[in-house]
Protein chains: 2
Amino acid sequence: MSTRYGSRPTMKDVAATAGVGLKTVSRVVNGEAGVTPDMAARVQAAIAELGFRRNDSARLLRKGRTASVGLLLEDIADPFSGQLSRAVEEVARMHGSLLFTGSSGEDARHEQELALAFCARRVDGLVVVPAGGDHRYLLPELAAGIAAVFVDRPAQLIDADAALTDNVGGAREGVAHLIRHGHRRIAFLGDLPQIHTAAERLRGYREAMAEAGLPVDEAWIAMAPTDPASVAASVDRVTGGAAPVTAVLSGNNRITLGVLRRLPALSPRPALVGFDDLELADLLTPGLTVVAQDPAALGRAAADLLFRRLAGDDAPPRRIVLPARLIPRGSGEAGPDGR
Amino acid sequence: MSTRYGSRPTMKDVAATAGVGLKTVSRVVNGEAGVTPDMAARVQAAIAELGFRRNDSARLLRKGRTASVGLLLEDIADPFSGQLSRAVEEVARMHGSLLFTGSSGEDARHEQELALAFCARRVDGLVVVPAGGDHRYLLPELAAGIAAVFVDRPAQLIDADAALTDNVGGAREGVAHLIRHGHRRIAFLGDLPQIHTAAERLRGYREAMAEAGLPVDEAWIAMAPTDPASVAASVDRVTGGAAPVTAVLSGNNRITLGVLRRLPALSPRPALVGFDDLELADLLTPGLTVVAQDPAALGRAAADLLFRRLAGDDAPPRRIVLPARLIPRGSGEAGPDGR
DNA sequence: CTGAAAGCGCTTACAG
DNA sequence: CTGAAAGCGCTTACAG
């Protein structure tokens with residue numbers, strides 16, 4: 001039988017069964033022209049009889065490309081990553097590539113291990129949401145021809161393609177929105193400052209305050225881990241003390257969740273604008289006002305650029321910046337008196 | 001230089017540079033014993049000079065395994081899939097495997113294309129959230145030694161490993177909960193009936209009603225697509241008409257979203273229990289009562305079983321069933337009078 | 001139209 | 001301890 005457990009028929013087996021040469025089998029399997037109908041039929045019969053399926057790994061080794069792309073995320077379980085992944089996957093599929101995925105867990109060493117493991121498999125390219133602060137480890141791989149596009153955050157210490165959201169502009173718009181609704185004392189709760197997006201959004205916050213001529217009390221700024229307990233502590237700090245804020249810009253979706261869970265304990269309730277949209281944001285009471293990114297558009301832009309590189313585009317590294325969009329839903333339209 | 005664009009040094013190059021045999025390079029690269037320190041140093045120097053990185057694709061072709069697993073999801077952008085993926089990824093990492101991922105989009109042909117593409121790459125195993133209704137196409141692959149574990153839904157027409165949630169029990173519990181709170185006319189809004197989980201949850205609904213001696217009006221049951229418009233129409237149908245329901249069990253997270261968006265238009269507002277938990281469920285007003293699955297536990301169970309198979313476990317196909325858990329938060333505790 | 005030989009980059013099996 | 005030869009399953013380049 002052709003079904004010996006753990007072993008598979010090869011083209012050689014098919015050739016022997018059909019009584020033809022190896023190259024003829026290859027021609028039939030790959031649909032190349034120049035095989036007589038009779039020969040082709042004999043090969044097809046042998047393929048069916050043996051249950052042959054071409055080994056694409058062997059094929060691609062010989063061809064010198066792998067028709068695969070490595071996608072390195074912070075955490076595939078995060079909705080942001082999920083939407084981005086799906087978009088990358090669609091583009092990869094259109095180009096006949098499969099996708100390796102992995103989560104760095106915001107750990108630089110882990111990112112490097114995964115990225116180099118993908119490179120060792122000789123992926124054609126990488127799409128990377130970087131966690132680390134030094135990407136020089138990729139230089140030999142890039143020099144050897146592996147394309148890489150960074151997404152959501154730029155690469156550090158190397159010059160590379162990137163698809164980013166306008167984080168500064170988005171944060172500015174969120175803060176300006178709160179100022180327009182009468183707020184003067186506004187907090188920014190961000191992720192750790194070494195995270196590029198967190199630093200950029202803080203910058204947008206400062207710019208918007210400065211533009212409106214408003215002073216910033218450094219006690220209104222908390223750059224901290226995003227676990228619920230840490231966020232709750234930050235919320236308590238900025239809404240307590242001598243100059244309590246009347247409004248909060250939260251720096252990403254996880255921080256927004258922490259703030260939302262802490263809000264019921266507060267009176268008065270500060271106005272809130274969250275960076276990143278959330279699935280149920282419109283169903284909360286009040287609805288959650290957000291500065292929304294478009295993770296799918298980010299993924300598409302990054303993947304499109306990657307495949308353009310793989311097709312031979314060798315222009316200097318490009319930086320694609322997508323806009324963030326303010327979506328008012330209620331929580332960001334309350335005035336400083338709490339209504 | 002070693003950085004000619006698009007070409008990489010091989011072990012042969014390293015051997016030539018170091019002035020040693022190919023096998024000695026292989027020994028050093030793989031940390032095998034029996035190389036003199038002097039030889040090892042010369043090889044290391046050549047590796048560093050050339051920027052050599054072993055080609056794992058070539059290595060694995062020779063070794064007869066690929067140290068990779070294919071994960072086939074319905075949609076990686078769905079939070080359920082994301083959590084499941086992360087769990088599978090962690091288990092794969094512990095076993096030194098990389099992960100190919102792909103989304104079938106609930107399309108049987110697409111599922112088959114992706115699964116067979118993974119098999120053509122000779123993945124060691126597959127974890128599959130099946131979309132199709134006939135998995136016999138995988139029989140030759142299974143016979144050839146590719147392991148497969150189905151997750152969330154069982155395989156159809158073949159006998160295979162599976163890790164499932166107790167959908168019947170979960171739905172029964174959700175309906176029994178509503179009955180305990182005084183409801184007699186209860187709707188079930190499910191996904192298309194050919195989807196295994198949808199059919200199972202409907203069965204649980206019927207069992208719970210029968211157990212309580214309550215008649216079921218077939219007009220209370222809607223098995224339909226999960227887009228918002230379709231769900232809104234179903235909601236209107238079961239809450240209107242001659243015998244309007246006072247409570248709803250929604251069959252999955254997407255349907256729950258549709259119901260939640262339609263509820264504000266209804267008076268009185270029916271009680272609601274949703275199958276699948278949602279990120280912000282506790283922050284809604286009222287809180288959303290759910291029958292929660294544990295997608296990470298499903299992924300872990302499936303991946304653990306897969307790697308046990310890859311380690312040689314050839315016991316008959318196993319079916320792992322994980323419990324669903326009722327989490328009361330308010331929406332499912334309102335009585336039939338709407339309070 | 002057909003196929004034998006060489007090679008993709010490694011590891012295995014085997015001599016020295 | 002060291003390495004030349006054969007082979008993993010294909011494709012490429014080249015004769016017939």
Side-chain angles (χ1 to χ4, degrees), chain A residues 2 4 6-43 46-47 50-68 117 119-124 144-146, chain B residues 2 6-43 46-47 50-68 119-124 144-146:
Chain A
S2 61
R4 291 161 305 165
S7 107
R8 307 193 63 133
T10 69
M11 282 193 180
K12 200 174 147 196
D13 299 324
V14 173
T17 300
V20 303
L22 189 55
K23 179 58 194 169
T24 298
V25 176
S26 176
R27 286 199 179 89
V28 172
V29 167
N30 294 301
E32 286 169 31
V35 181
T36 57
D38 172 57
M39 278 268 162
R42 273 161 61 196
V43 171
I47 286 174
L50 297 174
F52 169 80
R53 180 179 308 284
R54 183 181 66 196
N55 182 333
D56 280 346
S57 291
R59 163 172 222 250
L60 291 163
L61 171 65
R62 188 61 182 83
K63 283 192 118 43
R65 58 186 288 266
T66 59
S68 60
C119 290
R121 299 293 180 104
R122 296 297 187 267
V123 292
D124 300 323
I146 292 184
Chain B
S2 63
S7 107
R8 308 192 62 133
T10 69
M11 283 193 181
K12 199 172 148 197
D13 299 324
V14 174
T17 300
V20 303
L22 189 56
K23 178 60 193 168
T24 298
V25 177
S26 175
R27 286 199 180 89
V28 171
V29 167
N30 294 302
E32 286 170 32
V35 181
T36 57
D38 173 57
M39 278 268 163
R42 275 162 59 197
V43 171
I47 287 173
L50 298 175
F52 170 79
R53 181 179 308 285
R54 183 181 66 197
N55 182 332
D56 281 345
S57 291
R59 164 172 222 249
L60 292 162
L61 171 65
R62 188 60 181 82
K63 286 194 113 46
R65 58 186 287 269
T66 59
S68 60
C119 290
R121 299 292 178 105
R122 297 296 187 265
V123 294
D124 300 324
I146 293 184

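Order of the sequence lines fixes the chain letters, A, B, ..., with proteins taken first and strands second; residue numbering starts at 1 for each chain.
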Can you figure out which of D:dT2, D:dT12, C:dC10 approaches the side chain of B:Thr36 most closely?
-> D:dT2
Which base, if any, makes a Watson-Crick or G-U wobble pair with D:dA4, both distances under 3.5 Å?
-> none
So what does B:Arg27 touch, heavy atoms closer than 4.0 Å: a base, only the sugar-phosphate, or nothing?
-> base
Kindly point out which of C:dT11, C:dG3, D:dT2 is positioned nearest to the side chain of A:Val20?
-> C:dG3
Examine distances only and state if a side-chain atom of B:Ser57 and a backbone atom of A:Arg121 form a donor-acceptor pair shorter than 3.5 Å.
-> yes
Check: B:Arg8/B:Asn55 side-chain N/O donor and acceptor closer than 3.5 Å = no
side-chain contact (heavy atoms from CB on, under 4.5 Å) between B:Arg27 and B:Met39: does it pass, once the steps are laid out?
-> CA-CA 11 Å; B:Arg27 286 199 180 89; B:Met39 278 268 163; over 6 Å; no
Starting from P on C:dC8, measure out to CG on B:Asp13 and report it in whole angstrom.
-> 10 Å
Over how many whole Å does the gap from B:Arg42 atom CZ to D:dT2 atom P extend?
-> 9 Å
Could you tell me the separation between the CD atom of B:Glu32 and the C1' atom of D:dC1, rounded to a whole number of Å?
-> 13 Å
Checking D:dG9, C:dT11, C:dG3 against the side chain of A:Thr24 (C-beta onward), the nearest is C:dG3
Do the side-chain N or O atoms of B:Lys63 get closer than 4.0 angstrom to the phosphate oxygens (OP1, OP2) of C:dC10?
-> no
Consider the side chain of A:Asn55, meaning its heavy atoms from C-beta on, and name the nucleotide among D:dC10, C:dT12, D:dT2 that approaches it most closely.
-> D:dC10
Watson-Crick/G-U partner (both atom distances under 3.5 Å) of C:dA13 | none
Candidates D:dT2, C:dG3, C:dT11 - which lies nearest the side chain of B:Arg54 = C:dT11
Roughly how many Å is it from CZ in B:Arg53 to P in C:dC10, rounded to a whole number?
-> 12 Å
Interatomic distance, B:Met11 CE vs C:dT12 P [rounded to whole Å] = 11 Å
With the side chain of A:Arg62 defined as its heavy atoms from C-beta on, choose the nearest nucleotide among D:dT2, D:dT11, C:dT11.
-> D:dT11
Nearest-nucleotide wise, let me know which of B:Ala33 and A:Leu22 is further upstream toward the 5' end of DNA chain D.
-> B:Ala33
Nearest-Å distance, NZ (A:Lys12) to C1' (D:dC8)?
-> 10 Å
How would you label the contact of B:Asp56 with the nucleic acid (heavy atoms, under 4.0 Å): base, sugar-phosphate, or nothing?
-> nothing
Would you say the side-chain atoms of B:Asp56 pair up with the backbone N or O of B:Arg59, donor to acceptor, closer than 3.5 Å?
-> no
Return yes if some donor-acceptor pair links the side-chain N/O of A:Asp124 with the main-chain N/O of A:Arg65 below 3.5 Å, else return no.
-> no
Report which part of the nucleic acid A:Lys23 touches: base, sugar-phosphate, or nothing (heavy-atom distance under 4.0 Å, all strands).
-> base
For the pair A:Thr17 (side chain) and A:Asp13 (backbone), establish whether a donor and an acceptor sit closer than 3.5 Å, ignoring hydrogens and angles.
-> yes
Separation of C:dT11 P from B:Leu61 CG (nearest whole Å) | 11 Å
Atom CZ of B:Arg122 and atom P of C:dC10 are separated, to the nearest Å, by 21 Å
